[in-house]
Visitor: 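Got a structure here, written out as structure tokens. Questions coming.
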Protein chains: 2
Amino acid sequence: MRGNLFAVAVDLVVLTVRDGELCVLLLERTAKPFEGEFALPGGFVQPKEDLLDAATRELVTETGLVIGTHHVEQLASYAAPDRDPRGRVLTVGHLALVPDLPEPEAGAGADSTGGAWHPVAKVDQLAFDHARILADGVERARAKLEYTTLAAAFCPPDFTISQLRRIYEAVWGTTPDPRNFSRKVTSTPGFLLPTGAKFSSGRGRPGQLFRRGPATALHPPMLRDGDSDGDL
Amino acid sequence: MRGNLFAVAVDLVVLTVRDGELCVLLLERTAKPFEGEFALPGGFVQPKEDLLDAATRELVTETGLVIGTHHVEQLASYAAPDRDPRGRVLTVGHLALVPDLPEPEAGAGADSTGGAWHPVAKVDQLAFDHARILADGVERARAKLEYTTLAAAFCPPDFTISQLRRIYEAVWGTTPDPRNFSRKVTSTPGFLLPTGAKFSSGRGRPGQLFRRGPATALHPPMLRDGDSDGDL
DNA sequence: CCAATAGTGTCTTTGAGACATTATTAA
DNA sequence: TTAATAATGTCTCAAAGACACTATTGG
């Protein structure tokens with residue numbers, strides 16, 4: 001084995017949709033490097049710990065969010081030699097998609113506050129290279145809504161088609177036609193399971209409630225309008 | 001900084017198409033862990049070296065392949081605590097797509113032979129968790145041919161539509177209809193640039209030569225037949 | 001009755017999928 | 001002339017995109 005060793009961290013891009021906006025969970029740093037700036041939740045991987053385990057552990061520790069049943073996937077690794085002033089740190093970025101949870105309040109970690117939701121559109125600067133990681137995570141989420149059923153990961157267990165459509169609106173920033181959208185999602189076998197129940201969100205006709213089905217892929221995909229070209 | 005440090009390696013899934021088969025570049029290990037087994041090319045990241053740089057350097061060192069102008073992208077990181085018997089090693093898998101190059105012969109690394117092309121379908125066992133990394137790389141390549149113009153990365157600078165179609169056949173294991181295929185690729189603006197020249201591969205009518213255009217995305221995508229469902 | 005939201009049907013257009021013949025070259 | 005490969009056009013069908021009205025509920 002060679003002598004060039006790295007500290008290995010995990011960082012999480014935790015996304016949700018709140019009040020029609022795509023939001024990311026950020027901590028405010030209270031310790032030395034980048035003190036006072038916002039950062040993604042994350043931390044160092046422990047001996048004998050795998051990456052996903054580290055990611056879920058850090059999330060609970062720093063924000064109280066139990067990711068348990070929610071969607072978490074690996075995003076990419078970042079290891080520019082100067083990305084952390086304290087030394088050589090490789091971080092494995094992760095992407096988590098969660099429903100609209102209560103404001104996180106739980107026990108702060110050693111070097112940051114407890115965390116809060118921030119609209120992605122208003123995030124300007126982040127500690128380390130976290131802005132890049134966030135951008136990659138958001139782009140991954142946008143792309144995956146096209147060809148997977150992952151939008152349901154942003155929804156509570158039971159949800160209406162309108163709620164699901166508002167996820168797409170928030171994540172993509174576009175507004176799919178309600179009729180075409182409804183046709184698409186209901187005609188994908190295994191995407192939505194009817195529960196029989198209905199849900200009234202205040203006034204107006206109540207919508208029918210669905211639950212996530214076993215399908216994971218959308219065939220053919222639901223394409224965004226201005227789908228970018230630069231993602232080889 | 002904590003005391004739990006990792007060695008960080010890069011490994012490469014280098015794919016090409018030879019004689020109509022999707023092939024991967026493998027080394028035979030000559031040193032202790034997994035001696036005599038096949039492995040992906042790769043090695044440890046040096047101090048002050050970024051991941052992509054390490055990947056390209058290792059490839060040249062171990063196999064003589066200059067990846068320079070070819071396509072390389074990060075795949076995923078693998079860090080199961082017991083994945084390397086020598087200690088805690090995180091490896092960042094990379095995917096490289098190259099044209100049908102001459103058999104690699106160059107200077108072998110310290111702990112393996114110079115490397116050779118192996119049909120992916122015939123690979124059964126690999127050192128470490130490299131079988132998993134290979135599987136992920138192959139799946140990524142298959143998926144990307146659907147919605148990008150990346151198939152051209154397997155072709156020489158000038159190529160015919162038939163050559164391009166044979167890439168799809170080899171990677172997907174299916175045979176797209178020549179007319180529909182031709183219609184699709186020629187009607188995607190910026191995918192293929194006519195060179196005016198023609199190319200005769202032995203007997204038969206020569207085909208028209210094209211060069212890669214600036215387009216990177218296929219809209220809408222060209223879907224495989226039995227597109228899998230399990231890739232959330 | 002009014003305001004708010006859910007839910008639905010049809011037409012047009014685009015592109016995928018299936019299919020057979022002609023063109024060009026080397027042997 | 002034959003064998004090999006390249007190239008092309010049309011029909012059918014599936015699904016996307018555009019578009020307006022009716023249904024149900026709470027206030």
Side-chain angles (χ1 to χ4, degrees), chain A residues 19-20 145-147 149 151 155-156 158-170 172 174-189 191-192 194-210 215 217-227, chain B residues 19-20 145-147 149 151 155 158-170 172 174-192 194-210 215 217-227:
Chain A
D19 303 318
L145 290 211
E146 286 192 317
Y147 59 93
T149 61
C155 294
D158 290 3
F159 55 91
T160 66
I161 292 184
S162 300
Q163 284 172 37
L164 187 64
R165 199 184 62 243
R166 282 190 215 101
I167 300 295
Y168 277 87
E169 292 177 3
W172 283 354
T174 65
T175 303
D177 178 88
R179 281 160 299 188
N180 296 336
F181 181 83
S182 180
R183 173 167 37 124
K184 177 71 180 176
V185 296
T186 55
S187 69
T188 298
F191 190 172
L192 301 179
T195 64
K198 297 192 175 189
F199 173 73
S200 170
S201 65
R203 56 206 144 287
R205 176 178 174 173
Q208 203 189 338
L209 281 172
F210 294 87
L218 244 38
H219 279 302
M222 178 160 25
L223 297 181
R224 299 175 263 182
D225 272 335
D227 213 350
Chain B
D19 303 319
L145 290 210
E146 286 192 315
Y147 59 94
T149 61
C155 294
D158 289 3
F159 54 91
T160 66
I161 292 185
S162 300
Q163 285 172 34
L164 187 65
R165 197 183 64 243
R166 282 189 214 102
I167 300 295
Y168 277 88
E169 293 178 1
W172 283 354
T174 65
T175 303
D177 178 88
R179 283 159 298 188
N180 296 336
F181 181 83
S182 181
R183 173 169 34 128
K184 178 71 179 175
V185 297
T186 56
S187 71
T188 299
F191 190 173
L192 300 179
T195 65
K198 296 192 176 189
F199 172 74
S200 170
S201 66
R203 57 206 143 287
R205 175 176 175 176
Q208 202 189 340
L209 282 173
F210 295 87
L218 244 39
H219 278 302
M222 178 161 24
L223 296 180
R224 298 175 264 183
D225 272 335
D227 212 350

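Convention: sequence-line order gives letters A, B, ...; per-chain numbering from 1. A quick note: this is a predicted structure, and the numbers were derived from the prediction, not measured.
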Visitor: Given atom CG of A/Leu223 and atom P of D/dG17, what is their separation to the nearest angstrom?
Guide: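 Distance check: A/Leu223 CG to D/dG17 P gives 7 Å.
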
Visitor: Nearest 0.5 Å, what's the CG-CD1 distance between B/Leu192 and B/Ile161?
Guide: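 One finds 6.0 Å between CG of B/Leu192 and CD1 of B/Ile161.
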
Visitor: Output all residues satisfying side chain to side chain contact (heavy atoms under 4.5 Å, CB included) with B/Thr175, sequence neighbours left out; order by chain, then residue number.
Guide: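 Applying side chain to side chain contact (heavy atoms under 4.5 Å, CB included) to B/Thr175 gives B/Glu169.
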
Visitor: B/Arg183: what forms a side chain to side chain donor-acceptor pair (under 3.5 Å) with it, not counting sequence neighbours?
Guide: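 Result, side chain to side chain donor-acceptor pair (under 3.5 Å) vs B/Arg183: B/Asn180.
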
Visitor: Test of understanding: with side chain to side chain contact (heavy atoms under 4.5 Å, CB included), list the residues that count as partners of A/Pro220, not counting sequence neighbours.
Guide: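 Here the qualifying residues are A/Lys184, B/Leu223.
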
Visitor: Could you tell me the separation between the CE atom of A/Met222 and the OG1 atom of A/Thr149, rounded to the nearest 0.5 Å?
Guide: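 Answer rounded to 0.5 Å: 10.0 Å.
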
Visitor: List the protein contact pattern of nucleotides 5-13 of chain D with one symbol per nucleotide (5' to 3'): B for base contact, S for sugar-phosphate-only contact, - for none; contact means a heavy-atom distance under 4.0 Å.
Guide: BBSBB----

Visitor: Suppose the criterion is salt bridge (charged side-chain N to carboxylate O under 4.0 Å, His left out): which pairs have a residue in residues 197-210 of chain A, not counting sequence neighbours?
Guide: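 For residues 197-210 of chain A, and leaving out neighbouring residues, there are no salt bridge (charged side-chain N to carboxylate O under 4.0 Å, His left out) pairs at all.
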
Visitor: List in chain and number order the residues that pass side chain to side chain contact (heavy atoms under 4.5 Å, CB included) with A/Ser162, two or more places apart in sequence or in another chain; answer none if no residue qualifies.
Guide: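 A/Ser162 satisfies side chain to side chain contact (heavy atoms under 4.5 Å, CB included) with A/Thr160, A/Arg165, A/Arg166 once adjacent residues are dropped.
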
Visitor: Nucleotide range of DNA chain C contacted by chain A, 5' to 3', under 4.0 Å to a heavy atom?
Guide: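 The contacted stretch runs from C/dA4 to C/dG9.
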
Visitor: Applying ring-ring contact (aromatic ring centres under 6.0 Å, His included), can you list everything that pairs with A/Tyr168, at least two apart in sequence or on another chain?
Guide: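 Scan of A/Tyr168 (ring-ring contact (aromatic ring centres under 6.0 Å, His included), adjacent residues dropped) gives A/Trp172, A/Phe181.
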
Visitor: Ignoring backbone atoms, establish whether A/Lys184 has a side-chain N or O less than 4.0 Å from OP1 or OP2 of D/dA15.
Guide: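 Result: no.
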
